[in-house]
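What follows is a set of notes on a single structure, which appears directly below.
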Amino acid sequence: MPPKQQISAPRSESELLANARRIAGLTLAQLAERAGTALPDSFHNAKGWVGQIIEQQLGATASNLPEPDFQYLGVELKTLPLNRQGLPQETTYVCTVPLLDNEGLHWENSWVRRKLQRVLWVPVEADKQIPLPQRRIGTALLWSPTPPQEAILRQDWEELMELIVTGRLEQISARHGTWLQIRPKAANAKALCTTYDADGRPAETLPRGFYLRTAFTRTILNDHYANHS
DNA sequence: TACTGATCATTC
DNA sequence: GAATGATCAGTA
């Protein structure tokens, strides 16, 4: 195994895109080789493998901090698993849902908005019929929400946060929200955290995360291809 | 087949 | 424990 290559943090969006172009078209086997690491036999015990290796290869700096991956650029990196038809097949995790100290929180300073302000989407083949080593990295695209897109994200966020601030978290299912949804985001069902119930009393609950529906990430890819064809 | 609810690894 | 990186897997 060759030694790990240290990739320095990109200083501009064009440097970041140039880094992304260097891995576009590689198979996961080639990506692993380039990173000097072994490709797991399956993702069952390595669910974040692709995302973490691509972060490393593009020079991301935020590690697991609640910050955009490229702090200096304010750009978030997201891999986008594609199905056989080339469409996103999984929802995209955005950030943790604030269950405490969330009064007076507005869309403008929310983590969701900060993270989605500028995103580098890196498509990766994820069709289970393709063996892991043969799956390929796609061409990355840099994206910001259009005003109509942001309006819907904002509406989703405000409706969901209103339920949370008023102690109705347990009423929220993954069916709420047009493009944003809230789902559990935890190590397991026993990893609880604290929130407040409708009476303002502390209550234990599962940590939650905001996720983007595949219907939304599909429109992002669609719009991009429509403008670049 | 899409979607929801559950889960895995790592870092700090 | 709580944040990051996500995919798994049962079922509607």
Side-chain angles (χ1 to χ4, degrees), chain A residues 4 7 23 28 31-32 35 37-71 75-102 110-112 114-116 119-132 135 137 140 156 160 169-195 202-219:
Chain A
K4 273 190 190 176
I7 284 82
I23 61 168
L28 294 190
L31 184 71
T37 188
L39 181 65
D41 293 332
S42 103
F43 287 149
H44 179 77
N45 290 318
K47 295 184 181 180
W49 190 87
V50 174
Q52 307 211 307
I53 298 300
I54 291 184
E55 275 188 347
Q56 174 203 319
Q57 289 296 303
L58 298 188
T61 54
S63 162
N64 59 337
L65 302 174
E67 298 280 333
D69 296 298
F70 302 94
Q71 296 159 297
V75 174
E76 175 73 12
L77 172 67
K78 289 294 177 196
T79 58
L80 207 46
L82 303 185
N83 64 18
R84 194 179 327 181
Q85 301 169 69
L87 301 173
Q89 70 172 9
E90 290 279 356
T91 54
T92 301
Y93 170 69
V94 179
C95 61
T96 302
V97 176
L99 298 179
L100 242 32
D101 301 323
N102 46 23
S110 68
W111 290 351
V112 173
R114 276 192 66 200
K115 288 239 172 183
L116 296 183
V119 178
L120 183 74
W121 297 100
V122 181
V124 180
E125 284 181 334
D127 175 3
K128 293 209 187 259
Q129 292 192 345
I130 307 176
L132 247 52
R135 297 185 191 174
I137 311 294
D156 284 345
L160 290 163
L169 170 66
E170 304 304 335
Q171 294 177 23
I172 298 177
S173 86
R175 295 173 182 81
H176 283 81
T178 304
W179 285 338
L180 269 183
Q181 63 175 188
I182 285 181
R183 307 213 310 276
K185 174 73 162 104
N188 56 62
K190 290 173 183 168
L192 301 179
C193 66
T194 305
T195 185
E204 297 297 302
T205 191
L206 224 41
R208 312 299 164 97
F210 283 110
Y211 295 80
L212 294 176
R213 297 182 185 279
T214 55
F216 183 55
T217 48
R218 287 174 185 190
T219 68

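Convention: sequence-line order gives letters A, B, ...; per-chain numbering from 1.
Between the CD atom of Glu204(A) and the P atom of dG1(C) there is a distance of 10 Å, rounded to whole Å. Between the C1' atom of dA2(C) and the CG atom of Asp101(A) lies a distance of 14 Å, rounded to the nearest Å. Between the CZ atom of Phe210(A) and the P atom of dT4(B) there is a distance of 15 Å, rounded to whole Å. Taking atom CD1 on Ile53(A) and atom P on dA9(B), their separation rounds to 16 Å, with Å as the unit. Atom P of nucleotide dC8(B) and atom CG of Asp41(A) are separated by 18 Å, given to the nearest angstrom. Between Leu206(A) atom CG and dA6(B) atom C1' the separation is 8 Å, expressed in whole Å.
In this structure, Asn188(A) does not reach the dA6(B) phosphate: none of its side-chain N or O atoms is under 4.0 Å from OP1 or OP2. Proximity of Arg213(A) to the phosphate of dA2(B): no side-chain N or O atom is located under 4.0 Å from OP1 or OP2. When the side-chain nitrogen and oxygen atoms of Thr214(A) are compared with OP1 and OP2 of dA2(B), none of them lie within a distance under 4.0 Å.
Judged by distance alone, the side chain of Arg213(A) and the main-chain N or O of Thr178(A) form a donor-acceptor pair under 3.5 Å. In this structure, the side chain of Arg114(A) does not engage the main chain of Pro68(A) through any donor-acceptor pair within 3.5 Å.
Here the CG atom belonging to Leu120(A) is positioned 10.0 Å from the CD atom belonging to Glu76(A), to the nearest 0.5 angstrom.
The existence of a salt bridge linking Arg208(A) and Glu170(A) is confirmed by a sub-4.0 Å separation between a basic side-chain nitrogen and an acidic carboxylate oxygen.
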Reading nucleotides 4-12 of chain C from 5' to 3' and marking B where a protein heavy atom lies under 4.0 Å of the base, S where only the sugar-phosphate is that close, and - otherwise, the string is BBBBBS---

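When heavy atoms are screened at a 4.0 angstrom cut-off, Ile182(A) is found touching no nucleic acid atom at all.
Taking all atoms of both residues into account, the shortest heavy-atom contact from Ile137(A) to Ile54(A) is CD1-CD1, 3.9 Å. When all heavy atoms of Tyr93(A) and Gly209(A) are compared, the closest pair comes out as CE1-CA, 4.1 Å.
Comparing Ala174(A) and Arg218(A) by the nucleotide of DNA chain B that holds the closest heavy atom to each, the one mapping nearer the 5' end is Arg218(A).
For residues 184-195 of chain A, every residue pair satisfying the side chain to side chain donor-acceptor pair (under 3.5 Å) rule, not counting sequence neighbours, is listed here: Thr194(A)-Glu204(A).
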